[in-house]
Amino acid sequence: MPELPEVETTVRALREPLVGRVITAVHTYWPGHIAKIDPAEFQTRIKGQEITAVNRRGKYLLFPLSHDTMIIHLRMSGHLAVVEPALPLHKHDRTIFQLADGQELRFRDQRKFGKVYLVQDPASVLGKLGPEPLTSAFTADLLHTCLQNRHRALKPLLLDQTLIAGIGNIYADEALFNAKLHPMRLANTLTDTETQTLHTSIQKVLKLGIQREGASIDLYTKPDGTRGDMQNAVAVFRRTGEPCYDCGALIERIKVGGRSTHYCPRCQPLKNR
DNA sequence: ACCGGAGCCTGTTAGC
DNA sequence: TGCTAACAGGCTCCGG
């Protein structure tokens with residue numbers, strides 16, 4: 001499932017083949033991909049616009065165009081690649097962007113959860129997102145402010161995109177393990193030291209994810225189809241029943257806020273007061 | 001204001 | 001062995 005490191009990896013790979021290219025046509029095999037506006041209007045409006053940059057905000061990919069901004073969310077199973085048109089279509093290719101240089105940008109999405117937006121104002125899609133966790137906007141003080149009045153478990157808070165942008169199930173579990181905090185620990189019971197540690201851990205696991213080019217655990221691969229390496233560096237995610245690398249206790253899986261959550265019962269004891 | 005849960009999807013897996 | 005049912009997951013919308 002693409003989270004911040006997976007999206008960042010995708011953005012870096014797409015920049016070179018896309019920046020400066022002009023979109024000449026769009027084919028939508030799954031109209032549900034096109035968010036907010038009619039697919040026909042989408043096709044008309046985007047035609048002829050040049051992609052001037054490829055950027056990321058949280059888990060969203062941003063494509064500033066000549067007149068609009070295209071925004072893509074990969075959700076669960078989305079995958080983007082720039083390929084030669086002669087390459088046979090994949091079973092799950094849903095939206096195809098033809099480029100003036102003859103190449104195609106293909107949006108593959110097995111589970112059809114992905115979204116493509118075309119907007120004048122990016123804030124209409126991204127407006128509620130919290131700070132980017134790997135920029136100076138995200139400080140330990142800010143995290144403390146976010147957590148201090150919340151009588152709620154840490155895990156669902158880390159997944160809340162309005163609090164911090166870009167963390168998903170993998171990196172939430174990894175960050176909590178790294179910080180030695182139980183996923184059900186209530187946010188307002190953290191000491192200053194624990195908040196500092198959590199802040200550091202969030203940045204550490206996200207940076208590791210980017211360095212390893214994402215976690216190929218479910219369907220995620222890099223645009224060129226090769227796998228990332230983060231799945232070989234996870235401490236707890238999907239390691240249920242396997243020994244903790246730090247203490248040897250068996251990793252457990254529980255549901256927190258409806259989401260499957262992996263943690264080490266010995267390294268991450270629950271200390272709610 | 002805030003929180004929990006359903007719904008969106010499809011392929012894989014668990015259970016009968 | 002072959003079928004169905006449950007499950008996974010990010011986000012939006014709805015109701016308490």
Side-chain angles (χ1 to χ4, degrees), chain A residues 1-10 28-37 39 56-62 71-80 89-95 107-117 119 122-130 132-133 145-176 183-188 206 209 214-221 228 230-231 234 236-241 251-263 272:
Chain A
M1 56 235 74
E3 305 177 25
L4 188 154
E6 289 74 25
V7 176
E8 180 63 25
T9 302
T10 300
T28 51
Y29 298 101
W30 166 246
H33 254 169
I34 311 301
K36 310 236 188 219
I37 63 172
R56 180 191 59 74
R57 176 79 172 93
K59 301 176 197 171
Y60 293 83
L61 294 104
L62 311 186
I71 301 175
I72 294 183
H73 198 303
L74 302 172
R75 295 280 184 101
M76 302 305 306
S77 59
H79 178 269
L80 291 166
L89 282 182
H90 187 278
K91 183 183 175 186
H92 300 123
D93 282 336
R94 311 288 187 192
T95 303
F107 187 4
R108 191 165 83 206
D109 187 15
Q110 179 189 97
R111 292 180 200 171
K112 298 182 174 177
F113 277 22
K115 289 291 171 201
V116 185
Y117 304 84
V119 295
S124 63
V125 178
L126 313 171
K128 291 177 186 166
L129 289 182
E132 279 296 316
T145 307
C146 291
L147 300 182
Q148 63 179 346
N149 295 321
R150 307 299 289 272
H151 187 77
R152 202 183 176 193
L154 286 174
K155 173 72 186 274
L157 285 176
L158 290 184
L159 295 176
D160 183 347
Q161 302 300 299
T162 67
L163 215 79
I164 308 166
I167 300 174
N169 218 23
I170 299 174
Y171 295 92
D173 284 0
E174 293 301 310
L176 289 170
M184 289 177 69
R185 181 70 181 278
L186 295 176
N188 59 359
L206 291 174
S216 291
I217 290 178
D218 280 330
L219 292 162
Y220 167 79
T221 61
M230 183 61 188
Q231 67 279 7
V234 294
V236 290
F237 190 78
R238 299 263 177 100
R239 294 196 61 246
T240 313
I251 303 302
E252 290 184 6
R253 195 183 100 155
I254 55 173
K255 286 265 182 190
V256 185
R259 320 308 301 273
S260 69
T261 298
H262 314 75
Y263 74 107
N272 283 328

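Looking at heavy-atom distances under 4.0 Å, A/R152 makes contact with sugar-phosphate atoms alone, never a base. Heavy atoms of A/R108 sit nowhere under 4.0 angstrom from any nucleic acid atom. Among the protein residues, A/K255 comes within range of the sugar-phosphate backbone only, with heavy atoms under 4.0 Å from sugar or phosphate atoms but none that close to a base. Residue A/F237 is in sugar-phosphate contact alone, with no base atom involved, counting any heavy-atom pair closer than 4.0 Å across all strands shown. Looking at heavy-atom distances under 4.0 Å, A/Y220 makes no contact with the nucleic acid at all. A/K59 comes within 4.0 angstrom of the backbone, heavy atoms only, and of no base.
Across the protein-nucleic acid pair, A/R94 atom CZ and B/dC9 atom P stand 11 Å apart, rounded to whole Å. Rounded to a whole Å, the CG atom of A/D218 is 14 Å from the P atom of B/dG11. At whole-Å resolution of the value, CZ in A/F113 and C1' in C/dA8 are 9 Å apart. Distance CG (A/L129) to P (C/dT12): 9 Å, rounded to an integer number of Å. Between the CZ atom of A/R75 and the P atom of B/dT10 there is a distance of 15 Å, rounded to whole Å. The nearest whole Å value for the distance from the CE atom in A/M76 to the C1' atom in B/dT10 is 11 Å. Between A/D173 atom CG and C/dA8 atom C1' the separation is 14 Å, expressed in whole Å. For the pair A/H33 NE2 and C/dC11 C1', the computed distance is 14 Å after rounding to whole Å.
One finds a salt bridge joining A/R238 and A/D218 here, because a Lys/Arg side-chain nitrogen approaches an Asp/Glu carboxylate oxygen to under 4.0 Å. For A/K59 and A/E3, the salt-bridge test fails: no basic side-chain N is under 4.0 Å from an acidic carboxylate O.
Residue A/R150 places its side chain closer to B/dC3 than to any other of B/dC3, C/dG9, B/dT10. With B/dG11, C/dG9, C/dC11 as the candidates, the nucleotide lying closest to the side chain of A/R238 is C/dG9. If you check C/dC11, C/dG9, B/dT10 against the side chain of A/K112, the one that comes closest is B/dT10. Of the listed nucleotides (C/dC7, C/dC11, B/dG11), C/dC7 has the atom at the smallest distance from the side chain of A/R253. In this structure, of C/dC11, B/dG11, C/dG9, it is C/dC11 that holds the atom nearest to the side chain of A/Q161.
Between the side chain of A/S216 and the backbone N or O of A/G214 there is no donor-acceptor pair closer than 3.5 Å.
Residues A/K155 and A/D173 approach most closely at NZ-OD1, 2.8 Å, considering heavy atoms.
Looking at A/Q231 and A/Y220, their side chains never bring a donor and an acceptor atom within 3.5 Å of each other.
Of the two residues near DNA chain C, A/G258 and A/I167, the one whose nearest nucleotide lies more 5' is A/G258.
The phosphate of B/dG11 has OP1 or OP2 within less than 4.0 Å of a side-chain N or O from A/K91. OP1 and OP2 of C/dG9 both lie 4.0 Å or more from every side-chain N or O belonging to A/S77. A sub-4.0 Å separation between OP1 or OP2 of B/dC2 and a side-chain N or O of A/H151 is absent. Between C/dG10 and A/H73, no contact under 4.0 Å exists linking OP1 or OP2 to a side-chain N or O. Side-chain N/O atoms of A/R111 include none lying less than 4.0 angstrom from OP1 or OP2 on B/dT12.
Ring geometry for A/H33 against A/F107 counts as parallel: the plane angle stays under 30°, on a 0 to 90° scale with 60° as the upper cut.
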